[in-house]
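Only one structure is covered here, and it is reproduced in the block below.
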Amino acid sequence: MFVLKLKIGKKHIISIVISIIAAVLLFMILILTASGNAAPNDSATCDELGKYSLVAQTVGGEIGFLKHFGFDVISESRECETVTIPSEFNETYEEYNELQKKIGLDLEKYKGRDAQKITYELNNSDEKYAVILTINGRVIGAHLTNGEYGDVNKSLI
């Protein structure tokens with residue numbers, strides 16, 4: 001019978017442990033990326049404006065997002081509420097998502113998730129309000145409205 005004896009020192013054990021930890025971390029990153037739970041992009045692109053930031057973790061970031069589209073916001077008018085993006089889109093939400101696609105966004109990957117609906121009154125628009133939808137401080141959607149029930153939402157561009 002053949003017996004193999006290995007002599008492993010402390011340095012080797014430390015290297016093995018570090019290698020195992022690195023492999024586990026890499027595996028976790030791959031799983032998160034594949035499942036769609038990785039951090040969303042911090043920017044979007046549309047033909048009219050090019051690339052723009054989606055970061056809106058503060059009131060200043062929200063206002064900056066809207067200013068990028070040329071809107072003068074009354075910051076004191078800010079209203080916020082939680083809304084749920086439907087798990088299944090009906091015709092109305094399909095049309096709404098088409099508005100989002102005009103500015104380089106897409107609500108498909110946020111189906112069933114809660115979002116913050118943040119509304120600002122505008123100074124310089126034919127529409128009275130700008131609304132942005134955010135999740136974890138990132139804009140996922142936005143539109144203009146007169147705030148009247150049944151009013152048609154309009155694109156930011």
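Side chains included, hydrogens not; waters and symmetry mates left out as well; all remaining heavy atoms used. Each residue takes its place number in the sequence, starting with 1.
The two atoms that bring I140 and L107 nearest to each other are O-CD2, 3.3 Å, heavy atoms only. Shortest non-hydrogen contact noted between S87 and G112 is OG-CA, 3.5 Å. What you find for H143 and N153 is that their closest heavy atoms are CD2-OD1, 3.2 Å. Taking both residues in full, the closest heavy atoms of Q100 and G141 are given as OE1-CA, 3.0 Å, listed atom of the first, atom of the second, then distance. The minimum heavy-atom distance between L144 and S155, with the atom names listed, is CD1-O, 3.5 Å. Listed here is the closest heavy atom pair of Y120 and S75: CE2-O, 3.9 Å.
S77 meets the side-chain hydrogen bond (donor to acceptor under 3.5 Å, both in side chains) test with no other residue; sequence neighbours excluded. Partners of N90 according to the side chain to side chain contact (heavy atoms under 4.5 Å, CB included) rule, which considers only residues two or more places apart in sequence or in another chain, are T92, Y93. In terms of the side chain to side chain contact (heavy atoms under 4.5 Å, CB included) criterion, residue partners of E81 (sequence neighbours excluded) are, by chain and number, V83, K117. Not counting sequence neighbours, E79 has no partner by the salt bridge (Lys or Arg N to Asp or Glu O under 4.0 Å) test. When the side chain to side chain contact (heavy atoms under 4.5 Å, CB included) test is applied to V152, no partner is found at least two apart in sequence or on another chain. Residues satisfying the side-chain hydrogen bond (donor to acceptor under 3.5 Å, both in side chains) criterion with Q116, sequence neighbours excluded, are T82. Checked against side-chain hydrogen bond (donor to acceptor under 3.5 Å, both in side chains), E108 has the following partners two or more places apart in sequence or in another chain: K111. With sequence neighbours left out, the side-chain hydrogen bond (donor to acceptor under 3.5 Å, both in side chains) criterion links R113 to no other residue. Residues passing the salt bridge (Lys or Arg N to Asp or Glu O under 4.0 Å) test with E121: none are found, sequence neighbours excluded. Residues that satisfy the side chain to side chain contact (heavy atoms under 4.5 Å, CB included) test with D72, not counting sequence neighbours, are N123, N124.
V139 has its side chain out of reach of L133: every pair of non-hydrogen atoms, C-beta onward, lies at least 4.5 Å apart.
Annotation: the span from I135 atom CD1 to D114 atom CG amounts to 8.0 Å, rounded to 0.5 Å. Distance check, rounded to the nearest 0.5 Å: CD1 of I74 to NZ of K128 gives 9.0 Å.
Heavy-atom neighbours of E88 CD from other residues, nucleotides or ligands within 6.0 Å: at or below the threshold of 12.
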Candidate pair Q57 and R138, rule side chain to side chain contact (heavy atoms under 4.5 Å, CB included), full reasoning
CA-CA 7 Å; Q57 296 177 333; R138 288 183 172 64; 3.9 Å; yes
Please step through side chain to side chain contact (heavy atoms under 4.5 Å, CB included) for the pair I118 and F65, ending with a clear verdict.
CA-CA 12 Å; I118 304 161; F65 172 83; over 6 Å; no
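A continuous path of ILVMFWY side-chain contacts below 4.5 Å connects I132 to I157, so both sit in one hydrophobic cluster.
Listed for the T134 side chain is no donor-acceptor partner under 3.5 Å among the backbone atoms of G137. Between the side chain of N97 and the backbone N or O of D106, no donor-acceptor pair lies under 3.5 Å.
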